[in-house]
Amino acid sequence: MELIRTIRLKLLVSPEQASELNASLKANRDALNFASQVAFDHGGISAYKRLQPLTYHRLREKFGLKSQMACNVCSTVAGTYASAKSNGRLLLANFTHSKLVYSYNRDYTIQPASQTLSLGTLSKRIKVPYLVGEYYQPYLHHEMWTFGSAELVPTRKGFSLHVTVKREIAEPLSRDCDAMIGVDRGMNFLAVATNQMDEVMFFKGRSIKDKKATFVRQRKELQRKGTRSAKRKLKQVAGRENRFMTDVNHQVANEIITFAKCSGSHPCIVLEDLTNINLNTVVRLNDRYWRFSWAFAQLETFIRYKAFAEGIPVLSVSAKYSSQRCPKCGHTAKANRDKKRHRFECKKCHYQLNDDLIGARNIRERGVEKRHQNEVAGA
Ligand SMILES: [Zn+2]
């Protein structure tokens with residue numbers, strides 16, 4: 001699997017270099033709009049190979065673009081029409097912001113030792129000192145990371161370069177694990193995690209629910225109004241809500257990783273497979289349905305990615321009856337759970353537990369079984 005990171009470098013440009021970069025950005029934006037018009041006039045060309053011969057020489061002569069920049073313009077425009085076609089809405093694409101993409105070694109290089117980078121502009125290559133956050137420092141090692149494309153981004157005070165770095169690492173194996181962490185996702189608690197020592201970590205959903213309720217109220221009001229400005233505001237609210245949930249999911253995923261690392265030296269995380277679960281039983285089928293399922297799927301992506309980066313394997317297990325099964329004797333019955341009293345009591349062996357914990361415990365147990373099966377299968 002490939003690990004991808006984006007690192008931000010703040011460029012310390014001289015006034016002269018700033019005007020060089022601004023000129024490049026402007027030429028690039030004009031070139032994008034020119035190529036966009038050509039592509040549109042030909043029925044919305046969405047293939048790079050068709051657009052390139054039609055525009056390349058004019059991009060070079062009319063806008064003074066370097067060879068690689070001209071190619072990047074063609075692929076950006078072709079890509080834009082490809083996604084417009086798949087959305088079924090073919091309109092003339094207008095680029096109000098410049099998107100200046102650089103390829104490593106061809107039009108930019110980085111020298112971490114001297115904290116400088118070399119960047120191509122329309123007229124020449126410029127050498128620019130940069131600042132980088134401590135957090136990003138490790139990613140600048142050429143031996144460990146491969147540099148990919150970079151994007152020049154104008155900021156309020158100057159310019160940043162967003163550099164993509166990649167690294168191929170082996171999928172972590174669950175074979176040598178000394179700790180198992182079961183993670184249950186739900187409505188009352190966003191997530192409940194438990195380890196092999198029965199230590200528990202709850203991530204309360206209450207404050208998130210309250211905050212989400214505020215968003216829902218705001219949206220309903222705006223929907224009722226239905227004016228154009230209300231529609232615009234609706235979009236803003238939806239954006240804020242998504243950013244809020246993304247933030248929360250990042251935090252929860254980080255805490256789960258920390259909890260896993262504290263549970264053993266080779267932890268393994270177990271998640272229930274939610275791809276086929278029917279959330280209708282919990283939430284009525286309205287827009288809360290997809291909001292929750294979206295949030296759960298995102299949390300899983302974050303957990304998997306962060307775990308992978310830490311070399312922690314993640315197992316998926318069946319979600320079936322994970323809230324009805326007795327984690328001690330395996331007896332599965334609806335009657336085991338008393339939802340009103342928030343208690344779980346096994347009708348067979350009388351094992352008792354707080355019902356919020358049942359899911360995570362069962363998921364953990366299934367993870368242990370799955371690891372044994374993998375071991376037998378030699379994986
Ligand atoms: Zn039991």
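Just so it is clear, the structure is predicted and the values come from calculations on it, not from any experiment. Order of listing sets the numbers, starting from 1, for every ligand and every atom in it.
Among the atoms of H350, none of the N, O or S atoms falls under 2.8 Å from the Zn ion (ligand 1). Distances from the Zn ion (ligand 1) show that H331 has no N/O/S atom below 2.8 Å.
A salt bridge is defined here as a Lys NZ or Arg NE, NH1 or NH2 lying under 4.0 Å from an Asp or Glu carboxylate O, and R304 with E300 meets this definition. Ion pairing between a basic and an acidic side chain is recognised when a charged N comes within 4.0 Å of a carboxylate O; R366 and D273 show no such pairing. Using a cutoff of 4.0 Å between basic side-chain nitrogens and carboxylate oxygens, D30 and K26 are scored as salt-bridged.
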Go through the steps to decide whether E2 and T146 satisfy the test side chain to side chain contact (heavy atoms under 4.5 Å, CB included), and finish with yes or no. CA-CA 11 Å; E2 198 172 49; T146 319; over 6 Å; no
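The SG atom of C326, the Zn ion (ligand 1) and the SG atom of C349 define an angle of 110° (nearest 10 degrees).
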